[in-house]
Trainee: 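First, the structure itself, so that you have it in front of you.
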Number of protein chains: 4
Amino acid sequence: MPDKKILIIEKAVELIAKNGFETTSVQEITEACGISKGAFYIYFKSKESLLISIFELFSERLSERISTVFEMNIPAKEKLQMFLCIQLEEIDKYSDFILMQLRENTKPDNRELFSVMTQMDMKLNEHLQNLLVGSYGDKVSLHLKDLILLVKGITKSYVELIVLCKTNFNYRDLAKFLVDRVDSLVAGLTTPFLTEDTKKLLDR
Amino acid sequence: MPDKKILIIEKAVELIAKNGFETTSVQEITEACGISKGAFYIYFKSKESLLISIFELFSERLSERISTVFEMNIPAKEKLQMFLCIQLEEIDKYSDFILMQLRENTKPDNRELFSVMTQMDMKLNEHLQNLLVGSYGDKVSLHLKDLILLVKGITKSYVELIVLCKTNFNYRDLAKFLVDRVDSLVAGLTTPFLTEDTKKLLDR
Amino acid sequence: MPDKKILIIEKAVELIAKNGFETTSVQEITEACGISKGAFYIYFKSKESLLISIFELFSERLSERISTVFEMNIPAKEKLQMFLCIQLEEIDKYSDFILMQLRENTKPDNRELFSVMTQMDMKLNEHLQNLLVGSYGDKVSLHLKDLILLVKGITKSYVELIVLCKTNFNYRDLAKFLVDRVDSLVAGLTTPFLTEDTKKLLDR
Amino acid sequence: MPDKKILIIEKAVELIAKNGFETTSVQEITEACGISKGAFYIYFKSKESLLISIFELFSERLSERISTVFEMNIPAKEKLQMFLCIQLEEIDKYSDFILMQLRENTKPDNRELFSVMTQMDMKLNEHLQNLLVGSYGDKVSLHLKDLILLVKGITKSYVELIVLCKTNFNYRDLAKFLVDRVDSLVAGLTTPFLTEDTKKLLDR
DNA sequence: AATGAATGAGGTTTCATTCAT
DNA sequence: GATGAATGAAACCTCATTCAT
């Protein structure tokens with residue numbers, strides 16, 4: 001990937017995070033980069049495709065880091081903690097850009113973007129599922145869908161806090177804290193809420 | 001509020017939920033309503049003010065319903081359950097429009113919208129706090145900020161599920177499920193993550 | 001003329017004087033009158049026709065007052081002074097509305113307005129011409145066109161001052177002052193600038 | 001200044017002079033230039049800013065020419081004549097556009113335009129004052145404010161004539177004629193009308 | 001590869017005018 | 001007479017995109 005393309009992505013993330021995608025013009029982005037408007041279209045087919053590139057880059061980085069965790073020879077629960085820690089760190093870097101993405105809805109024409117996003121989400125879900133089983137054993141197997149939602153929910157809450165307050169927390173500590181909460185949730189499991197029927201919805 | 005204004009709000013919510021705010025044009029909204037473009041501006045000062053109206057309407061409905069819960073003579077934990085149930089139901093009605101808003105960035109010009117949103121968020125936080133203390137006693141007082149984040153996090157996860165899948169769950173059951181999870185979280189409390197310093201950030 | 005029509009004219013003059021004709025909406029006018037937008041069109045065929053009505057009303061008042069001066073049995077130069085005094089007073093009442101009119105250019109469609117304005121201008125010119133001949137005798141006859149321009153020029157300068165500063169001067173004194181200046185101009189007359197050829201242009 | 005910007009200004013002056021500022025749409029201007037609507041906004045931030053640009057350009061040209069007169073080694077009265085001649089010529093070029101502007105009302109939002117206009121007006125006043133003192137000596141010092149109004153008044157009358165009739169006069173002759181009239185006015189000075197109190201109003 | 005002027009569709013908004021009540 | 005909701009044309013302006021240089 002050419003340096004200039006990376007430059008554009010970085011500045012774009014910054015601006016989009018601050019002002020939203022629709023509200024950020026190509027002009028603003030190129031001005032922030034100190035390049036011409038035309039140059040933008042050398043590296044990106046369209047404004048839309050910039051979004052996809054950003055997400056792809058983010059996906060890649062995240063996947064890469066997560067892969068290394070899985071290759072490590074450490075207890076599952078430590079892996080879970082690192083997994084959460086990495087997400088906190090990466091999301092911090094890409095800040096509310098990611099948040100924004102979650103809110104931008106799926107329109108007929110961003111089918112490609114939607115696909116990239118969904119794929120990544122599914123991969124993360126799968127990872128998380130493995131980590132949960134590895135950490136807590138088979139007793140969680142009936143609760144996996146619920147647990148994934150719960151873990152993602154509490155994680156996101158703290159991510160939002162980070163983003164909104166623009167504060168730097170100690171991510172290792174936060175990840176530890178979150179794992180402890182997962183411990184509690186697992187300890188208190190009773191009847192799953194999401195049944196086989198609803199599972200299908202999740203996989204859609 | 002005139003019928004036509006309500007009609008506009010309803011169609012707008014639908015469209016904005018589907019396509020996002022920036023991407024939904026006033027033209028689309030008025031066409032969906034079967035009225036002229038000019039008519040929109042009889043009922044709303046601007047497109048921006050429509051957003052505020054929508055949020056206000058939603059706020060009012062939510063506040064009203066929550067108030068009735070607080071006036072009831074039932075155990076605190078039942079109130080907590082009803083509180084969550086109401087949110088699930090209302091958010092279902094207003095669909096991801098609300099989700100989108102909750103994550104909308106603070107731009108210089110939406111100051112009024114931001115104010116309305118923040119006020120409502122703070123009121124909900126306060127309610128939740130009271131319900132938590134009422135349900136679990138003073139032992140949670142040091143963990144209130146964390147608990148609020150955790151409860152909102154797990155709730156939002158299921159809300160997103162509802163919205164994305166456009167499925168109807170049994171909200172009473174889901175609320176019960178969520179309260180059970182809060183029980184687990186409270187049972188497993190150890191050291192708070194959010195200290196006095198970080199609390200300030202939340203109240204901002 | 002119905003009371004309400006007069007009310008509309010008065011409020012309109014006020015607003016138009018402050019903000020200009022194009023910039024003043026019918027809505028603003030009717031709001032200032034405390035009537036509905038529809039009511040405006042009972043009394044005026046269009047916004048354009050309001051302008052004509054205003055000018056007609058102003059014309060009438062001015063003509064009426066000037067007529068009385070001409071019927072008086074006093075020296076011509078006193079009549080000239082009163083003539084100027086009346087103009088200062090009336091223009092003060094109608095304030096910069098009149099100024100504005102002088103600036104609004106003749107578009108194809110205000111032919112009627114243009115006609116009303118021109119007619120009045122010509123009548124005033126004629127009056128002034130008679131007053132000048134009456135006051136200074138035949139020696140000014142070759143200079144009439146020039147003198148008319150000069151008198152109107154110095155008068156307008158002071159009118160603008162009045163309007164812009166929104167100050168009240170003593171109009172009798174100012175009229176006296178202006179007549180003295182006309183005396184000077186007449187005393188110093190040499191060769192006319194406007195010849196027979198150019199006269200035609202004026203009469204257009 | 002790019003050629004295209006100058007082209008736009010020139011066509012705009014023409015149209016605005018004919019139809020007024022509010023009545024002339026950006027579309028009309030761009031069509032007259034043979035460019036797209038969007039192109040207008042490459043060269044001007046807004047329609048309003050076009051007005052400022054026009055006035056600035058006119059101001060500059062006028063200032064420049066007047067400066068050269070002041071640097072010449074000729075009698076003051078000749079300078080006065082040239083000063084008036086230049087104004088006639090320049091105003092002819094910019095036609096009634098300028099007239100219109102000189103009478104434009106002070107709206108809250110044209111503060112920048114108002115500032116540019118006022119500054120230029122004050123500079124011209126100052127120049128004229130110096131020329132009057134230079135030409136007629138200290139005896140006019142008490143009458144300066146009146147004289148400025150008088151000179152501007154008679155000048156404007158002839159400018160209007162020029163503009164309305166779209167006729168070309170010999171500006172040197174007209175300027176000579178006007179200076180003669182100023183001679184008369186100065187010769188006949190008696191008591192000033194504008195006192196110290198009113199002077200302040202003028203300087204506002 | 002890089003520029004940036006130019007385009008033109010489409011956005012929000014205003015407003016004179018009409019008409020059913 | 002009076003209302004005011006409704007209309008729709010037209011205004012100003014933005015912006016993704018193209019293309020000659």
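Quick note on labels: first sequence line is chain A, next is B, and so on, each numbered from 1.
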Trainee: What are the residues of residues 27-34 of chain D, sorted by number, that bring a heavy atom to within less than 4.0 Å of DNA chain F?
Mentor: none

Trainee: Evaluate the side chain to side chain contact (heavy atoms under 4.5 Å, CB included) criterion for residues Ile29(A) and Leu50(A): first the C-alpha distance (whole Å), next the side-chain angles of each, then the deciding distance (0.1 Å), finally the verdict.
Mentor: CA-CA 11 Å; Ile29(A) 294 168; Leu50(A) 163 67; 3.8 Å; yes

Trainee: Roughly how many Å is it from CZ in Phe40(B) to P in dG8(F), rounded to a whole number?
Mentor: 18 Å

Trainee: What are the bounds, 5' to 3', of the part of DNA chain E that sits under 4.0 Å from heavy atoms of chain D?
Mentor: dA5(E) to dG10(E)

Trainee: Once Watson-Crick and G-U wobble pairs under 3.5 Å are found, how is DNA chain E written in dot-bracket notation, 5' to 3', with | for any base paired to another strand?
Mentor: .||||||||||||||||||||

Trainee: Do any side-chain atoms of residues 37-45 of chain B form donor-acceptor pairs under 3.5 angstrom with protein atoms, and if so which ones, sequence neighbours left out?
Mentor:
none

Trainee: Just jot down the side-chain hydrogen bond (donor to acceptor under 3.5 Å, both in side chains) partners of Ser63(B), sequence neighbours excluded, or say none.
Mentor: Lys123(B)

Trainee: Given dA16(F), dA10(F), dC13(F), which nucleotide is nearest the side-chain atoms of Lys47(D)?
Mentor: dC13(F)

Trainee: Return whichever of Gly38(D) or Val26(C) has its heavy-atom-nearest nucleotide of DNA chain E closer to the 5' end.
Mentor: Gly38(D)

Trainee: How many Å lie between NZ on Lys37(B) and P on dC12(F), as a whole number?
Mentor: 15 Å

Trainee: Relative to the 5' end of DNA chain F, which residue comes earlier, Tyr43(B) or Tyr41(D), by the nucleotide with the nearest heavy atom?
Mentor: Tyr43(B)

Trainee: Atom NZ of Lys5(B) and atom P of dG4(F): how far apart are they, to the nearest Å?
Mentor: 17 Å

Trainee: Of the options dC13(F), dT7(F), dT3(F), whose atoms approach the side-chain atoms of Ser36(C) most closely?
Mentor: dT3(F)

Trainee: Hey, could you give me the SG/CD distance between Cys33(D) and Glu28(D), rounded to the nearest 0.5 Å?
Mentor: 11.5 Å

Trainee: Can you tell me how far CD1 of Ile9(C) sits from NZ of Lys4(C), rounded to the nearest 0.5 angstrom?
Mentor: 14.5 Å

Trainee: Please assess Lys5(D) against Ser53(D) for the test side chain to side chain contact (heavy atoms under 4.5 Å, CB included), listing each intermediate value before the final yes or no.
Mentor: CA-CA 10 Å; Lys5(D) 186 167 183 175; Ser53(D) 290; 4.2 Å; yes

Trainee: Considering residues at least two apart in sequence or located in another chain, which fulfil the side chain to side chain contact (heavy atoms under 4.5 Å, CB included) criterion with Glu56(D)?
Mentor: Ile52(D), Val116(D)

Trainee: Are Lys47(A) and Phe21(A) close enough, and set up right, to give a side chain to side chain contact (heavy atoms under 4.5 Å, CB included), and what steps lead you there?
Mentor: CA-CA 9 Å; Lys47(A) 197 189 172 193; Phe21(A) 179 67; 3.9 Å; yes

Trainee: Which heavy atom of Ala32(C) sits nearest to which heavy atom of Lys11(C), and what is that distance?
Mentor: O-CE, 3.6 Å

Trainee: For Val26(D) and Thr30(D): C-alpha separation, side-chain torsions, deciding distance, then whether side chain to side chain contact (heavy atoms under 4.5 Å, CB included) applies.
Mentor: CA-CA 6 Å; Val26(D) 171; Thr30(D) 53; 4.2 Å; yes

Trainee: Rounded to the nearest 0.5 Å, how far does CD of Glu14(D) lie from CG of Asn19(D)?
Mentor: 10.5 Å

Trainee: Taking the nucleotide of DNA chain E with the closest heavy atom to each, which residue, Ile35(A) or Thr24(B), is nearer the 5' end?
Mentor: Ile35(A)

